[in-house]
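Here is the structure we will look at, set down as structure tokens.
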There are 2 protein chains.
Amino acid sequence: MPLPVRPPRGYRSEIDIKLSPDPAGPYAGAMPTIYEVASLAGVSPATVSRVINGLPVSGAYAERVRAAATKLNFTPNPTARRLRRRSSQVLALIIPTIENPFFTSLARGVEDVAQGAGYSLVLCDSDERHDKESTYLDVALAEHMAGVVLVPATNHPRLARLLERRTPVVSVDRSIRGTEVDSVLLDNREVARSATERLYARGFRRVGCITGPRETETAQQRADGWREVFSRHHPRTDPERYLRHADFRVAGGRDAMASLLTTRRRPDAVVVTNNSMTVGALETLQRERISPAEMGLACLGDLPYSVLQRAGVEVLPLPARSLGAAAARLLLDRIGGAEGPAQRIVLPIGGGPAIPDR
Amino acid sequence: MPLPVRPPRGYRSEIDIKLSPDPAGPYAGAMPTIYEVASLAGVSPATVSRVINGLPVSGAYAERVRAAATKLNFTPNPTARRLRRRSSQVLALIIPTIENPFFTSLARGVEDVAQGAGYSLVLCDSDERHDKESTYLDVALAEHMAGVVLVPATNHPRLARLLERRTPVVSVDRSIRGTEVDSVLLDNREVARSATERLYARGFRRVGCITGPRETETAQQRADGWREVFSRHHPRTDPERYLRHADFRVAGGRDAMASLLTTRRRPDAVVVTNNSMTVGALETLQRERISPAEMGLACLGDLPYSVLQRAGVEVLPLPARSLGAAAARLLLDRIGGAEGPAQRIVLPIGGGPAIPDR
DNA sequence: AGCTTCGCAGGAATCGATTTCTCGGTCAAG
DNA sequence: CTTGACCGAGAAATCGATTCCTGCGAAGCT
């Protein structure tokens with residue numbers, strides 16, 4: 001039985017023909033390689049590789065290889081494999097902040113699916129910054145990641161190089177303009193509409209809105225949904241008087257609410273378009289000793305531990321986990337070779353399955 | 001000027017001597033390699049490597065290489081580098097759940113430091129499960145990660161193989177028994193003591209305690225701190241009557257509080273040893289319509305957005321971010337080759353710098 | 001001037017797996 | 001019985017960077 005060309009690592013064969021382990025060497029405790037498995041099984045490394053990857057190998061050989069691999073507790077070195085294959089079993093997930101539970105839920109959704117399909121996940125926090133986002137996209141490229149799930153921090157993430165290399169990218173929660181990329185989104189307009197309706201249904205007379213930055217798509221869509229219902233109730237009032245743009249953070253919500261309170265004929269209820277800003281809005285209300293009856297609040301998105309509910313806030317949970325799961329499934333499809341134009345999946349907001357299970 | 005031995009990828013040189021780009025080939029859009037840089041600079045790949053890694057190279061050559069690298073926008077392929085060097089610039093952070101803000105803050109702390117030192121971070125969620133934790137540890141091993149920051153899900157994480165390979169591991173928040181591993185911990189006993197004292201200071205007469213699982217070290221230590229103060233106030237009472245073990249989750253806190261309420265001569269205040277259980281405890285109290293004055297609560301750890309504070313809970317914030325940062329610094333020291341016995345860093349709870357800055 | 005030393009760049013081996021190519025052997029058809 | 005197709009395993013190239021080793025040339029020393 002011929003030995004592999006290269007002596008297995010940790011063995012010396014230059015002068016001694018007899019191969020002997022070198023336990024004092026720098027490789028003590030290292031993982032076995034395919035060469036060691038091949039040598040133990042009395043086959044070539046190529047055959048071991050074939051067995052591992054399920055390529056046709058005659059039964060007897062396959063059995064010997066499997067036995068040897070088990071005995072040595074062999075795991076293929078993912079780095080070597082990645083170098084050769086030019087691809088890996090790793091996905092990147094880039095979120096704007098790990099500290100908002102909405103995104104951690106989304107991350108769970110992605111992870112569940114990735115995990116189930118044998119992929120690892122690298123979680124990256126772009127901190128809502130274009131530069132950090134770009135850096136992580138470069139990392140994904142350099143690391144030959146199999147795909148990227150991206151919650152874009154800006155309207156124009158730097159995807160060009162990634163797409164050139166045909167690395168699948170799926171955007172979640174926010175879409176990307178001008179680039180053909182799959183996306184999984186919420187029906188933001190509908191959620192906002194529904195939140196506004198609920199406040200009117202509860203008897204409030206004039207419902208204002210606090211939304212996110214002007215240039216952010218989700219913020220606009222949610223404001224649009226509110227505006228639609230508002231205008232129906234107050235056809236002769238300019239809705240913009242009752243709309244505030246903030247930054248999707250606690251402090252922004254705080255200030256926006258303070259500003260709304262000073263409005264002439266101020267609103268008696270407010271739709272706040274994300275969870276963090278609602279916390280800020282609540283803070284202002286509590287500071288001003290304004291009760292939930294005097295000023296109704298609706299919040300798009302949830303905060304765990306029912307904080308908001310307890311304060312009398314009308315909460316419209318968003319399916320963050322489903323969003324992540326759907327994005328991951330779409331990404332895996334593309335990685336699996338699915339062709340066709342970029343898809344745009346809009347999740348129903350009422351709960352229910354994200355996309356049909358397979 | 002001799003050409004490199006291997007023709008650069010994407011070029012053919014078998015029949016034509018003239019090297020010409022092959023834009024239709026499968027490598028369109030691929031990243032440049034060190035061979036291409038070498039060829040453009042008219043030097044050997046070895047020299048390019050030296051320049052990139054800051055090894056001594058004469059000025060003129062170095063300049064040519066740098067120019068070529070810049071022109072081609074060259075980034076060394078981390079996979080190839082990792083294979084050769086048998087190590088990477090990636091850290092793993094394994095936390096029990098991404099959905100507890102305590103751990104996301106901790107993650108931020110780790111990330112800040114890692115990022116600053118040029119390391120990437122892979123965030124893994126063990127879901128408090130031994131098997132998932134083991135899997136991630138195996139991944140860290142196989143991926144040649146530079147080090148691991150671990151919040152152990154169990155008392156005996158399977159670190160053996162990682163340590164054999166001399167991969168540095170730092171445990172955070174919870175320590176590991178019987179294994180020589182650096183750890184960064186909180187003074188759990190002191191935090192609990194302090195929380196208990198505060199409730200007595202506020203005038204409560206009998207302070208009970210809800211802590212985590214019996215076999216969890218942090219749960220024990222925190223219970224010990226409470227027990228110490230309790231026994232000082234009630235020398236002739238068996239503290240165990242006023243102690244409940246739950247599971248560190250919301251439901252556990254809910255049930256434990258319900259159980260405490262039925263105690264003969266029930267407590268008029270309770271120290272709850274983590275944030276999630278406090279939410280559960282609050283739920284029970286609100287369901288029973290028991291006011292904050294009737295039943296005081298203290299919580300070890302924070303929940304963002306001041307939920308707890310608003311409910312009259314005495315909150316003792318824990319320095320999660322510092323914990324993560326300190327762990328990361330310790331890990332980077334070890335990666336940098338720091339020798340010596342395993343360290344055990346206990347952070348002060350009052351805030352202030354985690355460990356002296358350098 | 002001759003010899004050693006030293007610095008520095010190139011050649012080639014190397015990391016560990018995958019994959020193409022090659023070739024010996026088997027079987028079927030002529 | 002010979003020849004061609006085919007199957008399957010081994011040999012070797014390959015992925016892209018690092019690093020050991022060799023050797024050239026310049027500088028220093030006697």
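Labels below follow one simple rule: chain letters A, B, ... track the order of the sequence lines, proteins then strands, and each chain is numbered from 1.
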Qualifying salt bridge (Lys or Arg N to Asp or Glu O under 4.0 Å) pairs with a residue from residues 43-63 of chain B, counting only residues at least two apart or across chains = B:Glu63-B:Arg66
Residue list, side chain to side chain contact (heavy atoms under 4.5 Å, CB included) with B:Ser88, at least two apart or on another chain | B:Arg82, B:Val90
Short heteroatom pairs, N/O only, protein and nucleotides 5-8 of chain C, under 3.5 Å:
none

Any donor and acceptor pair, going by atom type alone, linking the side chain of B:Ser49 with main-chain N or O of B:Pro45 inside 3.5 Å?
-> no
Short N/O separations, protein against nucleotides 20-23 of chain D, under 3.5 angstrom:
unit_1	atom_1	unit_2	atom_2	d
D:dC20	N4	B:Arg50	NH2	3.3

Under a 4.0 Å heavy-atom cut-off, which of residues 68-76 of chain A touch DNA chain D?
-> none
Work out which heavy atom in A:Pro32 is nearest to a heavy atom in A:Phe74; give both atom names and the distance.
-> O-CD1, 3.4 Å
With sequence neighbours excluded, residues passing salt bridge (charged side-chain N to carboxylate O under 4.0 Å, His left out) with B:Arg334 | B:Asp182
Short side-chain donor-acceptor distance under 3.5 Å, B:Thr33 and B:Glu36 = yes
How would you list, by chain and number, every residue that makes a side-chain hydrogen bond (donor to acceptor under 3.5 Å, both in side chains) with A:Asp138, sequence neighbours excluded?
-> none
Quick one: list whatever passes side chain to side chain contact (heavy atoms under 4.5 Å, CB included) with A:Thr179, sequence neighbours left out.
-> A:Leu163, A:Ile176, A:Val181
Within less than 4.0 Å of OP1 or OP2 of C:dG16, is there a side-chain N or O belonging to B:Arg86?
-> yes
Give a yes/no answer on whether the side chain of A:Thr47 brings an N or O atom under 4.0 Å of OP1 or OP2 in D:dG10.
-> yes
Using the test salt bridge (charged side-chain N to carboxylate O under 4.0 Å, His left out), find all partners of A:Arg108 that sit at least two apart in sequence or belong to another chain.
-> B:Asp125, B:Asp127
So, the side chain of A:Asn53 versus the backbone of A:Leu55: is there a donor-acceptor pair under 3.5 Å, distance only?
-> no
Are OP1 or OP2 of D:dG16 and a side-chain N or O of B:Thr33 less than 4.0 angstrom apart?
-> no
Is B:Arg81 near enough to D:dT18 that one of its side-chain N or O atoms lies under 4.0 angstrom from OP1 or OP2?
-> yes
Got a donor-acceptor contact below 3.5 angstrom from the A:Arg165 side chain to the A:Leu141 backbone?
-> yes
For the pair made of CG in B:Asn77 and P in D:dT18, what is the distance, rounded to whole Å?
-> 10 Å
Position toward the 5' end of DNA chain C (nearest nucleotide), B:Ala62 or A:Ala80 = B:Ala62
With sequence neighbours excluded, residues passing side chain to side chain contact (heavy atoms under 4.5 Å, CB included) with B:His130 = B:Glu133, B:Ser134, B:Thr154, B:Arg158
Those residues at least two apart in sequence (or on a different chain) that pass side chain to side chain contact (heavy atoms under 4.5 Å, CB included) with A:Ala117 are A:Tyr119, A:Leu332
Overall bend - the helix from C:dA1-D:dT30 to C:dG30-D:dC1, comparing terminal axes fitted on five pairs, nearest 10 degrees | 60°
